[in-house]
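Below: one structure, written as structure tokens.
Note that the structure is a prediction, hence the values are computed from the model and not measured. Note on naming: letters A, B, ... go to the chains in the order of the sequence lines (proteins, then strands), and numbering restarts at 1 for each one.
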Amino acid sequence: MKLYDTYTSSIREFKPIDGNNVKVYVCGMTVQDSPHAGHLRTFTSFDILRRYLEYKGYKVSFVQNFTDIDDKIINKSKELGIDWRKIAYKYEQEYIQYAKLMNFKEPDFYPKATLHIQEIIEIIQSLINKGFAYVSNGNVWFDVSKFESYGKLSKKTIEELISGYRIEPDSSKKNPYDFALWKAYKENEPYWYAPFGRGRPGWHIECSAMVITHLGETVDIHGGAEDLIFPHHENEIAQSETYTNKKFSNFWIHTGFLNIKGEKMSKSTGIFLSAKDLLENYEPNVVRLFYIKAHYRTPLDFSEELLNDAKNSWNRVKNFLLEYSQDGKILTDILYKFEEAMDDNLNTPKAISVIFDAINLAYKNREIAIDVSWTIRFLLSILGFDINFQRTSNRLNEIMDIIIEIRHELRKNAQFELSDRIRTRLKDMGIVLEDTKEGTKWKVL
RNA sequence: GGCGACUUGGCCGAGCGGCUAGGCGGCGGUUUGCAAAACCGCUUUACCCCGGUUCGAAUCCGGGAGUCGCCUCCA
């Protein structure tokens, strides 16, 4: 299996460091606000990475954090007069709610920054002792000039960074590109005691602490969306590798953005679609299909039209699976093509085309349809789709039997107006009737 | 300004030097009481532009144009 690695800017063969065990760390949400559709795209990509690695037989340790302390959370707390912990908890729970809806496989652990303050302090103290960090006005800064390979992930040099620096540097820094490991206490802000003064962790350090605590000094895969390459992941590398003297991650995987009209979806610009709005209007399977119809590294534009395309595509899959819902056997030639696509840096658009090819084939060659359907169900489950959509109560089955029986009488007597009205009304509430030669079939959309 | 990614038919989107990608939409037909679902056919020489390499390039090389991202918080 091959994966694109940002660090080497190349597609490389993936091999776990430790036998069959794969350690994956994904940078999760800073719980400062409700999740939006862009977040869901990113985490869908990593959900599929994780599921596919497991399908390949690896034992995956999957950790995705919550950063539950930062400037925006504190500001919001001040603004609303609500304890910052309550705000963080609220958005954390919101994220988990949507993650469940999206059928993201639950991470082995959801660590939180504020539960790792001791580990953070230990790392910072070590960096100070090693001479890579310095205390200034109660802040602790990482001295970037000391870390030789700074910029190697984002392909930047310190010189370039200086020339491009666009904001007023903090006066307590030696160099404008030094970043905060620890922020000095300010009035009315949360703080913890540390040997170098009370304050709170800067952004970046919490991830290093959580990775090292839960997965170890070197992980197989570290990921996030592409906006994390710089400075977040660059800084994680600098502080972690200085602390451990070991390579921090074997692979760096970054996902493309979800855009709206070509512009990056982002809370700060106001251009975004909330997870709530998205999932109220489209079922999770459709959303998932929409996301993975594009490769995870390419930018993807959001629009109603494209969501509807995905919805119609999904209906084709669903219709096929509902028509052939019996147990069958796995067709290995389809499975092989699917694996070939997925092994190639998770080429989900190609993998989906394998599924549609198989459906087309089955419709033209119905004796294999049951096995094709069975195979597709298997493939969809690897991709994280929830295919148990036939859940209907016995009560509903009985009611539908009665309705269909009555409609049958009506149609026999050519009372089409009435029978059509029943069909239309049911369709409005999401129950579709199909009058076929073999009788009337129904399904819940 | 620096660095990076991208540019494929009406729309989305694979493609990694020769072999129909796939989906959605549209049109016509088969089927149906009408629908739905499905099937068949069509949607005519798709690959940003200009050079080059090659028997052969959407695919490789050079140049140009454009879009987006990162360089500040961001999935």
Side-chain angles (χ1 to χ4, degrees), chain A residues 6 9 11 26-30 32-33 35-46 64 70-72 75 95 151 154-157 159-169 177 203 223-232 234 254-259 262-269 272 289-290 293-295 297-301 303 305-306 308-320 322-323 341 344 347-360 363-364 366 411-412 414-417 419-420 423-424 427 432-437 440-443:
Chain A
T6 308
S9 306
I11 292 179
V26 176
C27 283
M29 300 261 307
T30 297
Q32 47 163 326
D33 215 329
H36 64 234
H39 296 121
L40 297 185
R41 183 194 183 194
T42 299
F43 299 122
T44 298
S45 300
F46 286 105
Q64 181 180 323
D70 91 326
D71 293 357
K72 286 190 181 171
N75 290 343
Y95 172 79
S154 54
K155 316 288 180 289
K156 294 175 193 300
T157 65
E159 293 71 36
E160 285 164 14
L161 286 167
I162 294 170
S163 69
Y165 211 85
R166 293 183 307 201
I167 59 163
E168 202 57 34
Y177 38 88
W203 187 42
E226 60 177 321
D227 52 355
L228 295 183
I229 296 172
F230 191 91
H232 187 58
E234 195 69 65
H254 294 99
T255 59
F257 294 132
L258 183 65
N259 297 330
E263 303 279 325
K264 177 184 173 183
M265 187 179 289
S266 165
K267 269 275 158 65
S268 52
T269 57
F272 71 95
L289 182 62
F290 165 71
K293 275 175 76 175
H295 184 79
R297 281 179 45 80
T298 64
L300 172 65
D301 220 53
S303 72
E305 191 193 348
L306 293 175
N308 276 322
D309 283 0
K311 188 180 174 182
N312 292 336
S313 298
W314 180 246
N315 273 144
R316 180 166 173 82
V317 175
K318 208 159 151 182
N319 279 324
F320 175 71
L322 286 169
E323 189 164 354
D344 180 16
N347 191 338
T348 51
K350 188 75 189 278
I352 286 165
S353 82
V354 170
I355 289 171
F356 279 101
D357 279 340
I359 291 173
N360 293 340
Y363 272 132
K364 282 165 197 172
R366 309 242 176 178
R411 292 171 65 227
K412 228 163 65 180
Q415 290 187 270
F416 298 123
E417 199 193 319
S419 64
D420 287 357
R423 190 171 59 194
T424 309
K427 195 185 175 192
V432 175
L433 295 185
E434 294 175 3
D435 296 318
T436 72
K437 272 189 181 135
T440 300
K441 295 175 181 172
W442 67 278
K443 62 191 173 194

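For A:Ser9 and A:Leu300, each mapped to the nucleotide of RNA chain B holding its nearest heavy atom, the one lying further toward the 5' end belongs to A:Ser9. In this structure, A:Ser353 and A:Thr436 both approach RNA chain B, and ranking their closest nucleotides by distance from the 5' end singles out A:Ser353.
Atom NZ of A:Lys293 has more than 12 neighbouring heavy atoms from other residues, nucleotides or ligands inside a 6.0 Å radius.
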Chi angles and distances behind the side chain to side chain contact (heavy atoms under 4.5 Å, CB included) call for A:Ile229, A:Thr6: CA-CA 8 Å; A:Ile229 296 172; A:Thr6 308; 4.0 Å; yes

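Side chain of A:Pro349, nearest nucleotide from B:rG33, B:rG13, B:rA75: B:rG13. Distance from the side chain of A:Arg366 is smallest for B:rA38 among the nucleotides B:rA36, B:rA38, B:rA75.
Remark: the A:Arg41 side chain and the B:rA75 base include no donor-acceptor N/O pair separated by less than 3.5 Å. In this model, no side-chain donor or acceptor of A:Lys156 finds a partner on the base of B:rC71 within 3.5 Å. Looking at A:Arg423, its side chain comes within 3.5 Å of the base of B:rC34 through a donor and an acceptor atom.
The nearest whole Å value for the distance from the CD atom in A:Glu263 to the P atom in B:rG69 is 5 Å. Taking atom CG of residue A:Asp435 and atom P of nucleotide B:rA36, one finds them 12 Å apart after rounding to whole Å. Rounded to whole angstrom, the span from the CG atom of A:Leu306 across to the P atom of B:rG23 amounts to 17 Å. The interatomic distance linking A:Lys264 (NZ) with B:rU72 (P) rounds to 13 Å, in whole Å. Taking atom CG on A:Asp227 and atom P on B:rU72, their separation rounds to 13 Å, with Å as the unit. Between the NZ atom of A:Lys350 and the C1' atom of B:rG13 there is a distance of 12 Å, given to the nearest Å. Rounded to whole angstrom, the span from the CG atom of A:Asn312 across to the C1' atom of B:rG23 amounts to 10 Å. Between A:Ile11 atom CD1 and B:rA14 atom C1' the separation is 14 Å, expressed in whole Å.
Here B:rC6 sits opposite B:rG66 as a Watson-Crick or G-U wobble pair (both hydrogen-bonding atom distances under 3.5 Å). Across all strands shown, B:rG33 forms no Watson-Crick or G-U wobble pair with both distances under 3.5 Å. The partner of B:rG56 cannot be assigned: no Watson-Crick or G-U wobble pair with both contacts below 3.5 Å exists in any strand. Within the shown strands, B:rG26 is the pairing partner of B:rC42 under the Watson-Crick or G-U definition, both distances less than 3.5 Å.
Between A:Phe272 and A:His36, the ring planes are tilted. Angles from 30° to 60° get that label.
Contact between the side-chain N/O atoms of A:Arg411 and the OP1/OP2 oxygens of B:rC34 is not found at any separation under 4.0 Å. Contact between the side-chain N/O atoms of A:Thr157 and the OP1/OP2 oxygens of B:rG2 is not found at any separation under 4.0 Å.
Aromatic stacking of A:Phe416 on B:rG33: satisfied, with centres closer than 5.5 Å and planes within an angle under 30 degrees.
Among the candidates A:Thr348, A:Ile352, A:Val317, A:Asp309, the single residue satisfying the side chain to side chain contact (heavy atoms under 4.5 Å, CB included) test with A:Leu289 is A:Ile352.
Residues that satisfy the ring-ring contact (aromatic ring centres under 6.0 Å, His included) test with A:Phe257, not counting sequence neighbours, are absent from this structure.
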